[in-house]
Amino acid sequence: MALVRCPKHKIPYNDSNPRGCPACAREKEGGAEIMQELARASQMIKRPTSGSMAAPPPPPPEVDAPVPAAPVTAQPRIPIPVVTRLTHLLILFRNRRTLAVGGALAVLLLVALILRSGPRFTDAPSPAVYGGTVRPFPVTPNDPITVVFAAVGPQQSQPNPTSGSLERYWYGTDLFVDAHNGLVYAMTMAVPNRHWRGLRVGMNRTNTEGMLALLGPPREAESPTAGRPDTVAGYVVYRSLDSRPRRTLLAEVRPPNGCFDVLVDLQPRAIGTLSRGQEKWVVITRVNGVQEDVVTRIRVVSRAIAGPYSGEPVC
């Protein structure tokens, strides 16, 4: 069975159709539906354009052939908002309670800064309060220097800074012995852990005068130095420990008990220090407080040997 085309009407039809061309058969029968038959026939087979054959449909793809991947298009990036410290602060300040707490903290911080900017007191008593056993210093002027070595240990001699005729033996920063020709000329003590015949650094004036009276009648050796105190932040202060006023009590020991002088320095006890920036003061007491005069140095000098601390011998 094959398709043939009517040379008159150009309509394809099966050659096995006994009627032949449908249009011709209608014309013979005189029917009026020629145009409908033509329309049905034209829907059955598409007429080729300009005499050329239609392109065959593409072959189906092979089952095992790889399918090309579609190009991947990157999703557009959504900008992420940057949260800064300022943003956090603005969010916090929106809350009234947070704002109130923050204001209170700011006030407290300001007060703390103001307090820190003022003078600061530090507890630092001078002379220091010694809580251990106060040992004796069993040395007397005019003793051989070997007695000192036996009592507190041998030391190398060094020149005296004020007299070339004396040798100095150090037993700490504030305890030393001066000797002349192998004999003890003077001993100076400013440490609270030693005492000499009951006298020690840190003792108050009343007890000092009592211990001196056992050696000889005490008296003031020279006019006291009168340092002028300052008042800072409610404290009575001096610029340094040496600027404190000083009184020197003297007791003379003469034969047959010995031949030496005992000099005791009394100064106001420092209770601490006061500092503000680069400035620093020694605190004696609070305003309207009571200062305490205590022993700050003990010096025992021979009066049988000539030297810078005593002058000419008297016995």
Side-chain angles (χ1 to χ4, degrees), residues 105 107-137 152 161 170-177 187-212 218 220-251 262-300:
L105 292 177
V107 172
L108 292 178
L109 180 60
L110 181 60
V111 172
L113 291 176
I114 293 175
L115 293 178
R116 286 184 60 87
S117 63
R120 183 176 58 182
F121 175 79
T122 303
D123 187 17
S126 179
V129 179
Y130 185 72
T133 302
V134 180
R135 295 175 293 173
F137 193 70
V152 292
W170 292 92
Y171 293 92
T173 305
D174 296 322
L175 178 61
F176 52 88
V177 175
M187 43 165 289
T188 304
M189 183 170 60
V191 291
N193 61 346
R194 292 278 184 173
H195 73 85
W196 185 85
R197 298 193 180 184
L199 294 170
R200 62 182 179 85
V201 172
M203 181 181 289
N204 61 35
R205 181 176 183 130
T206 301
N207 293 336
T208 301
E209 291 177 346
M211 296 305 299
L212 285 176
E220 289 196 5
E222 56 189 21
S223 299
T225 59
R228 177 173 295 179
D230 296 324
T231 302
V232 178
Y235 293 97
V236 178
V237 300
Y238 289 89
R239 284 294 177 178
S240 65
L241 292 174
D242 292 336
S243 64
R244 292 175 296 175
R246 184 190 307 270
R247 291 178 178 270
T248 302
L249 300 180
L250 169 66
V262 182
L263 297 100
V264 178
D265 291 343
L266 295 168
Q267 291 180 283
R269 182 191 295 275
I271 63 173
T273 60
L274 195 67
S275 59
R276 181 177 59 194
Q278 300 297 326
E279 295 181 295
K280 193 171 184 179
W281 300 271
V282 174
V283 179
I284 302 303
T285 181
R286 291 184 176 272
V287 174
N288 299 326
V290 179
Q291 72 177 31
E292 181 185 18
D293 291 340
V294 296
V295 176
T296 57
R297 191 186 69 167
I298 302 168
R299 172 169 282 177
V300 186

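Note that these values count all heavy atoms, side chains included, but never hydrogens, waters or copies made by symmetry.
For Tyr171, there are no ring pair (Phe, Tyr, Trp, His ring centres under 6.0 Å) partners, not counting sequence neighbours. In terms of the ring pair (Phe, Tyr, Trp, His ring centres under 6.0 Å) criterion, Tyr238 has no residue partners (sequence neighbours excluded). Residues satisfying the side chain to side chain donor-acceptor pair (under 3.5 Å) test with Asn207, not counting sequence neighbours, are Asn204. For the side chain to side chain contact (heavy atoms under 4.5 Å, CB included) test, residues two or more places apart in sequence or in another chain that qualify with Arg205 are Glu209, Glu220, Arg247, Leu249, Leu266. Under the side chain to side chain donor-acceptor pair (under 3.5 Å) criterion, Thr188 pairs with Arg299, sequence neighbours left out. A search for side chain to side chain contact (heavy atoms under 4.5 Å, CB included) contacts involving Asp293 returns Pro268, Gln291, not counting sequence neighbours. By the side chain to side chain donor-acceptor pair (under 3.5 Å) test, Asn193 is found to be paired with no residue, residues two or more places apart in sequence or in another chain being considered. Checked against side chain to side chain donor-acceptor pair (under 3.5 Å), Arg297 has the following partners two or more places apart in sequence or in another chain: Asp265.
A salt bridge (Lys or Arg N to Asp or Glu O under 4.0 Å) check over residues 228-245, counting only residues at least two apart or in different chains, returns nothing. Note on residues 269-289: no pairs pass ring-ring contact (aromatic ring centres under 6.0 Å, His included), not counting sequence neighbours.
In this structure, Thr273 and Val283 approach most closely via the heavy-atom pair C-CG2, 3.8 Å.
The CG atom of Leu241 sits 8.0 Å away from the CD1 atom of Ile284 when rounded to the nearest 0.5 Å. Atom CG of Leu175 is separated from atom CE of Met187 by 7.0 Å, given to the nearest 0.5 angstrom. Atom OG1 of Thr296 sits about 10.5 Å away from atom CZ of Arg269, to the nearest 0.5 Å.
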What side-chain donor-acceptor pairs closer than 3.5 Å can you find for residues 126-134, not counting sequence neighbours?
none

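Looking at Val191, Leu199, Thr208 one by one, the single match for side chain to side chain contact (heavy atoms under 4.5 Å, CB included) with Ile298 turns out to be Leu199.
Checking side-chain atoms of Arg194 against main-chain N and O of Pro136 turns up a donor-acceptor pair under 3.5 Å.
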